[in-house]
Amino acid sequence: MDVELGYSLQPVSLIALLPHAHFLLHSLSPSSCLAMCSQDIRNTVGNIPMEWYKDYPHIGYDLDGKKIFKPIRTKDELDEFLDKMENPDYWRTVHNKMTGTDLRLSDEQVDLVHRLQQGKFGDVNFNEYEPAIDFFSSEVMIHPVTNRPEDKRSFIPSLIEKEKVGKLVHAIKMGWIKPRRPKETAPKYYDLWAQEDLNTVLGRHKMHIPAPKMRLPGHEESYNPPPEYLLTEEEKLAWEQQDPEDRRVSFLPQKYSCLRAVPAFSRFIHERFERCLDLYLCPRQRKMRVNVNPEDLIPKLPKPKDLQPFPTTQSLVGEHQLRACIHKAPPCGHINGSWIRAGSDDCTVRFWEVSTARCLKTVEVSGAVKSVAWSPNPAVCLVAISYGETIVLLNPGLGDKFICSATDQLISSYEEPEESKEQSVQWTIAEGSDHEHGQRLILKHPKAVRQVTWHGKGDYLACVMPDDNSSLQVVIHQVSKRRTQNPFRKSKGMVQCVSFHPIRPYFFVATQRYVRVYNLIKQELTKKLMANCKWISSMAVHPGGDNVICGSYDCRLAWFDLDLSTKPYKMLRHHKKALRGVAYHKHYPLFASGSDDGSVIVCHGMVYNDLLQNPLIVPVKVLKGHTITHDLGVLDVAFHPSQPWVFSSGADGTVRLFT
């Protein structure tokens with residue numbers, strides 16, 4: 001708060017006045033205190049901290065020895081704030097701790113505080129620049145100040161000094177005290193990088209790096225270099241056109257007749273300056289290298305010879321008549337491994353005998369075959385074939401005649417319920433020539449079917465109809481009751497493939513980036529596996545049910561341990577192109593992956609019963625034989641049910657058996 005006085009005065013805060021206020025209060029005379037106060041309440045306790053009386057009702061004692069009680073202060077913080085805002089003299093009011101009263105400073109006292117704050121003298125009339133007066137004159141007087149004669153002891157040698165000198169002489173004789181060497185007047189110059197031993201301060205520093213040495217001059221720097229070091233006119237022109245950073249040498253080699261004819265180097269100062277810059281500006285970093293044997297970094301994996309049996313050689317090749325077919329259905333063996341079947345774009349499904357590689361049967365359908373699956377139920381002989389919007393349940397008539405007849409009896413014994421509900425899929429019985437070719441049931445779907453897969457018991461059949469804008473992407477059929485149900489109400493992305501759990505009532509649905517695991521009994525989502533890849537292409541479930549592998553179009557194979565985490569336990573990048581198919585073996589610890597690079601990689605994947613031990617994954621064999629056609633290689637793989645054999649179908653129109 002500013003106050004206008006008779007002279008220029010800057011605003012002074014209460015806090016700024018407090019250090020000097022006590023000086024002013026102590027400097028006041030008793031008469032001044034009597035003039036300011038109505039009664040004499042001078043405190044006579046002495047120069048002691050007033051905090052000692054903080055918890056007492058009195059503040060000191062008067063001249064008669066009686067207690068001086070503290071004045072009753074009724075002001076609180078709110079009254080103090082209002083007084084600060086409304087009282088124009090608040091800035092010059094100080095609190096006297098000795099008496100407990102508030103005093104208003106006069107203009108002279110405020111001016112004194114200002115002078116003390118500025119480091120000036122308290123008296124206004126004091127001149128600190130007055131000329132000094134010498135107490136002694138500069139003239140030498142004739143008569144001394146004192147004329148007392150010298151003492152007698154000033155003429156007699158001192159015994160104490162004699163004893164000290166004797167001690168010094170003895171110390172010099174014994175070599176304890178050495179005479180001072182004369183100082184060398186010649187200047188000394190030090191080469192910082194001449195001697196860099198480990199005992200110096202820089203050498204003992206942990207991260208010290210010595211400065212790099214300059215390259216020693218060679219034949220090019222000579223005044224009379226050999227002819228092969230001199231540049232031709234074309235080389236000189238090329239040297240001048242290059243950037244200074246790209247030149248092999250920073251100067252042109254020249255030849256002189258004698259050393260006297262060599263002129264001064266024009267870039268001498270420039271090169272010396274760059275050298276100084278390199279010494280103190282170039283950052284030098286010491287790389288902490290750990291002496292590790294590279295073989296110790298490689299995980300200790302067992303040798304492939306110790307992990308046999310696994311497929312190593314190509315044994316049989318089955319060819320289609322139509323070599324231009326590209327999209328083949330995956331090969332799949334019969335439950336006892338006697339036959340293998342495959343479908344192709346030439347609208348046929350062929351059945352081969354595994355032992356002889358003979359094509360025993362060919363079934364023609366009305367469209368390009370997208371997927372084929374053999375029923376895992378050993379009591380029936382059924383094959384599900386998908387083409388276009390149709391799924392056909394086929395009885396190929398191969399194998400045991402009793403099983404084939406039992407299959408026909410099972411399908412023909414179906415009785416329609418009295419109340420039939422409307423279904424999204426139309427079930428019809430094959431008749432005429434279709435029945436003669438082995439077709440038994442025909443399922444018409446609203447959209448194109450990409451994949452069919454069986455449940456482990458052989459009664460339920462799941463099919464995939466990819467459509468990102470529809471909730472009808474996956475349907476499950478029950479063959480015995482000829483019922484169809486849509487298990488999902490909402491679409492969680494475009495479905496790529498599905499699979500049943502081999503033991504538990506779980507259903508795996510793979511979308512573009514995730515694999516969702518559903519509980520079919522509780523009808524809820526159990527887990528959501530993150531594949532960490534751009535686009536999932538295929539999926540296979542381990543026979544134990546606790547591990548899943550997923551192939552992707554970005555050359556990755558992800559192994560999931562369902563008991564461990566929702567993220568991949570291992571990411572394998574063995575293929576160079578997109579993966580099209582993956583498969584587990586039912587009995588052997590093997591899994592395989594087929595890719596567009598034309599190879600099938602077989603890996604050893606041992607899953608232990610001990611939950612504390614992680615699965616062992618070791619690549620054991622790369623199988624090659626398929627030729628790449630239209631940038632497509634191996635389209636799918638499947639293992640033999642009982643033998644360590646693997647079947648692969650390729651875009652080159654062949655199905656190959658590796659044993």
Side-chain angles (χ1 to χ4, degrees), residues 119-121 128-225 244 249-251 253-254 256 258-289:
K120 298 180 180 179
F121 290 93
E128 62 268 27
Y129 302 110
E130 288 183 354
I133 300 174
D134 292 334
F135 292 96
F136 301 96
S137 63
S138 59
E139 299 177 359
V140 181
M141 301 176 69
I142 300 174
H143 301 286
V145 180
T146 61
N147 200 10
R148 187 173 62 85
E150 295 183 2
D151 296 330
K152 182 180 179 181
R153 62 176 177 267
S154 62
F155 301 99
I156 301 175
S158 174
L159 297 177
I160 299 176
E161 292 180 356
K162 179 181 178 182
E163 184 181 356
K164 289 183 178 180
V165 171
K167 290 182 179 180
L168 293 175
V169 171
H170 178 67
I172 292 175
K173 288 181 178 180
M174 297 298 294
W176 300 337
I177 298 178
K178 296 181 180 179
R180 295 181 180 177
R181 295 180 181 178
K183 294 185 178 179
E184 296 179 1
T185 57
K188 289 185 177 181
Y189 302 99
Y190 299 96
D191 187 0
L192 296 179
W193 295 278
Q195 295 178 356
E196 291 188 351
D197 53 350
L198 299 177
N199 297 325
T200 59
V201 178
L202 293 178
R204 290 196 303 268
H205 195 272
K206 183 179 180 181
M207 299 302 292
H208 170 63
I209 301 176
K213 305 290 183 181
M214 290 190 65
R215 186 178 65 87
L216 296 177
H219 296 291
E220 300 165 337
E221 284 84 352
S222 174
Y223 74 93
N224 189 13
V249 291
S250 59
F251 62 94
Q254 297 181 7
Y256 298 96
C258 60
L259 193 59
R260 293 194 305 271
V262 178
F265 185 39
S266 59
R267 299 185 72 254
F268 175 75
I269 298 178
H270 184 72
E271 283 194 354
R272 293 297 92 194
F273 179 70
E274 286 187 349
R275 172 63 177 170
C276 293
L277 292 182
D278 291 342
L279 290 180
Y280 82 94
L281 283 183
C282 181
R284 298 190 289 270
Q285 181 181 6
R286 184 184 296 276
K287 294 183 179 180
M288 303 300 292
R289 294 188 178 182

List the atom pairs, with distances to 0.1 Å, where a side-chain N or O of residues 165-180 and a protein N or O form a donor-acceptor pair under 3.5 Å, not counting sequence neighbours.
none

Roughly how far, to the nearest 0.5 Å, is [atom2] of [Y] from [atom1] of [X]?
X      : Y      : atom1 : atom2 : answer
Met214 : Asp278 : CE    : CG    : 8.5 Å
Glu220 : Phe251 : CD    : CZ    : 5.5 Å
Phe273 : Arg267 : CZ    : CZ    : 12.5 Å
Glu274 : Ile269 : CD    : CD1   : 13.0 Å
Leu159 : Glu161 : CG    : CD    : 10.0 Å
Tyr223 : Gln254 : OH    : CD    : 15.0 Å

**Request:** For Glu221 and Gly218, indicate whether the former's side chain and the latter's backbone hold a donor-acceptor pair under 3.5 Å.
**Result:** yes
**Message:** The test is side chain to side chain contact (heavy atoms under 4.5 Å, CB included); show your working for Arg153 and Ser158 and say whether it passes.
**Reply:** CA-CA 8 Å; Arg153 62 176 177 267; Ser158 174; over 6 Å; no
**Item:** With Glu130 via side-chain contact (heavy atoms from CB on, under 4.5 Å) - residues at least two apart
**Value:** Asn127
**Prompt:** Can you name the closest pair of heavy atoms from Tyr256 and Val262 and give their distance?
**Reply:** CD1-CG2, 4.0 Å
**Prompt:** Given side chains that start at C-beta, do those of Pro253 and His219 come closer than 4.5 Å, heavy atoms only?
**Reply:** no
